[in-house]
Amino acid sequence: MNNLKALEGKKVIVSPEPDSTWAFMTYLIKENNLKNVQLVNVSIGNELAAVAAGQADYAMVAEPNASKATMEQGLHEVYSFPEDSGWSPYAFSSLTTTKKYTQSHKKETQAVVNAFEKACQYIYAHPAEAVSIGQSEFPDMDASIVKHAVTHSIEMKSYPEHALVSEASWKNAMTIQAFIKNVDGLNTKNTSYATNVDPSFAKAAEKS
């Protein structure tokens, strides 16, 4: 979708407030000054069925539902957040713990971060093997859909290339969270990168 104005006057399926797809679309509408976009909330996992039932014109979904939409239902991908430079990099999710725990369990913390770093590098170094792992983890899903979902995610760099949460990805995530008022603004004591992210373990893992 080269012109997001095409969304004006349309209905878009999103997850319930304040979940991610609702937050992303709400922010996208505001930043692009889109008019008369109606968001339709459905429970996670039911987005495609809602579009098929004619409840909306578009649905915002993540993989593997995006692949299911194009491969099984004849729908078309019209916009991708990862491919939009304004949204990348983005800390979509993370494994968190307390500062007290990392300080008293440095060996265990480093081992976990090392595993994440190894996995991140493995996905991009061995994409075919990454697909096979995905297929083994989701045996009830059509293998071709899993392959497309994993391959598509690699192409868009949806998977992080390293375990490190960068300052840029943290800022982008906090921008959305501040917009929907989940946090008390950017660069406050509670939301700053320095307060919340200890990059030392990830940097050590990348060098190991």
Side-chain angles (χ1 to χ4, degrees), residues 1-8 12-34 37 39 41 44 47 58-67 77-99 102 109 112-113 115-117 119-121 123-124 130 149-206:
M1 183 179 291
N2 295 324
N3 184 4
L4 289 171
K5 293 291 184 180
L7 292 174
E8 294 188 337
V12 182
I13 297 291
V14 294
S15 52
E17 180 181 349
D19 200 70
S20 297
T21 59
W22 171 85
F24 282 14
M25 182 54 68
T26 302
Y27 185 79
L28 190 70
I29 291 169
K30 176 182 178 296
E31 287 299 292
N32 292 275
N33 194 30
L34 303 179
V37 180
L39 301 185
N41 301 108
I44 297 173
E47 298 93 343
Y58 301 95
M60 182 176 292
V61 297
E63 291 290 6
N65 280 342
S67 292
E77 181 180 296
V78 296
Y79 179 79
S80 169
F81 284 95
E83 290 182 337
D84 187 330
S85 60
W87 291 84
S88 183
Y90 189 93
F92 186 76
S93 62
S94 62
L95 180 67
T96 60
T97 188
T98 64
K99 185 175 182 179
T102 60
T109 301
V112 170
V113 179
F116 271 93
E117 178 65 26
C120 291
Q121 292 191 28
I123 288 170
Y124 288 96
V150 174
T151 302
H152 195 206
S153 296
I154 291 173
E155 291 171 348
M156 295 187 298
K157 293 189 176 180
S158 296
Y159 302 121
E161 296 179 274
H162 296 284
L164 177 66
V165 175
S166 68
E167 290 192 53
S169 64
W170 180 262
K171 180 181 178 181
N172 285 339
M174 288 300 101
T175 295
I176 299 296
Q177 295 305 312
F179 170 72
I180 63 174
K181 303 187 185 307
N182 269 354
V183 297
D184 59 356
L186 296 173
N187 298 316
T188 66
K189 180 179 180 180
N190 293 326
T191 63
S192 72
Y193 183 84
T195 301
N196 292 278
V197 182
D198 179 356
S200 62
F201 295 99
K203 289 181 177 179
E206 191 173 342

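If you're wondering where the values come from, they're calculated on a predicted model, not measured in any experiment. For reference, positions follow the sequence shown, starting with 1.
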Side chain to side chain contact (heavy atoms under 4.5 Å, CB included) between Leu28 and Val37, intermediate numbers included: CA-CA 11 Å; Leu28 190 70; Val37 180; over 6 Å; no
Distance in Å, Glu161 CD paired with Glu117 CD, rounded so as to fall on 0.5 Å steps: 10.5 Å
Least distance between heavy atoms, Cys120 atom then Pro160 atom: CB-O, 3.4 Å
From CG (Leu95) to CZ (Phe116), nearest 0.5 Å: 5.0 Å
For Thr102 against Thr109, the heavy-atom pair lying closest together: CA-OG1, 3.6 Å
Parallel, tilted or perpendicular: ring planes of Trp87 versus Phe24, cut at 30 and 60 degrees: tilted
Spacing of Ser20 atom OG and Ile180 atom CD1 [to the nearest 0.5 Å]: 8.0 Å
From CG (Asn196) to CE (Met174), nearest 0.5 Å: 7.0 Å
Atom pair OH/CH2 of Tyr90 and Trp170 - distance to nearest 0.5 Å: 10.5 Å
CZ (Phe92) with more than 12 external heavy atoms under 6.0 Å: no
Closest non-hydrogen atom pair between Ile44 and Asp19, with its separation: CD1-OD2, 3.6 Å
Minimum heavy-atom distance Lys171-Leu186, with the two atoms named: O-CD2, 4.3 Å
Separation between CD of Glu155 and OG of Ser80, rounded to the nearest 0.5 Å: 10.5 Å
Nearest heavy atoms of Asn187 and Thr191, plus distance in Å: N-OG1, 3.3 Å
Side-chain donor or acceptor of Ser169 paired with backbone N/O of Val165 under 3.5 Å: no
Side-chain donor or acceptor of Tyr193 paired with backbone N/O of Ala168 under 3.5 Å: no
Side-chain heavy-atom pair Asn190, Val183 within 4.5 angstrom cut-off: no
Results of side-chain contact (heavy atoms from CB on, under 4.5 Å) for Ile154 - residues two or more places apart only: Ile123, Tyr124, Pro127, Val150, Tyr159
Set of side-chain contact (heavy atoms from CB on, under 4.5 Å) partners for Ser192, sequence neighbours left out: Ala194, Thr195
Residues that Thr21 engages under side-chain contact (heavy atoms from CB on, under 4.5 Å), provided they are two or more places apart: Val14, Ser15, Met60
Closest contact, heavy atoms only, Asn65 versus Glu47: ND2-OE1, 3.9 Å
Asp198-Ser200 side chain donor-acceptor pair, cut-off 3.5 Å: yes
Note, Asn32 side chain near Leu7 side chain (heavy atom, < 4.5 Å): no
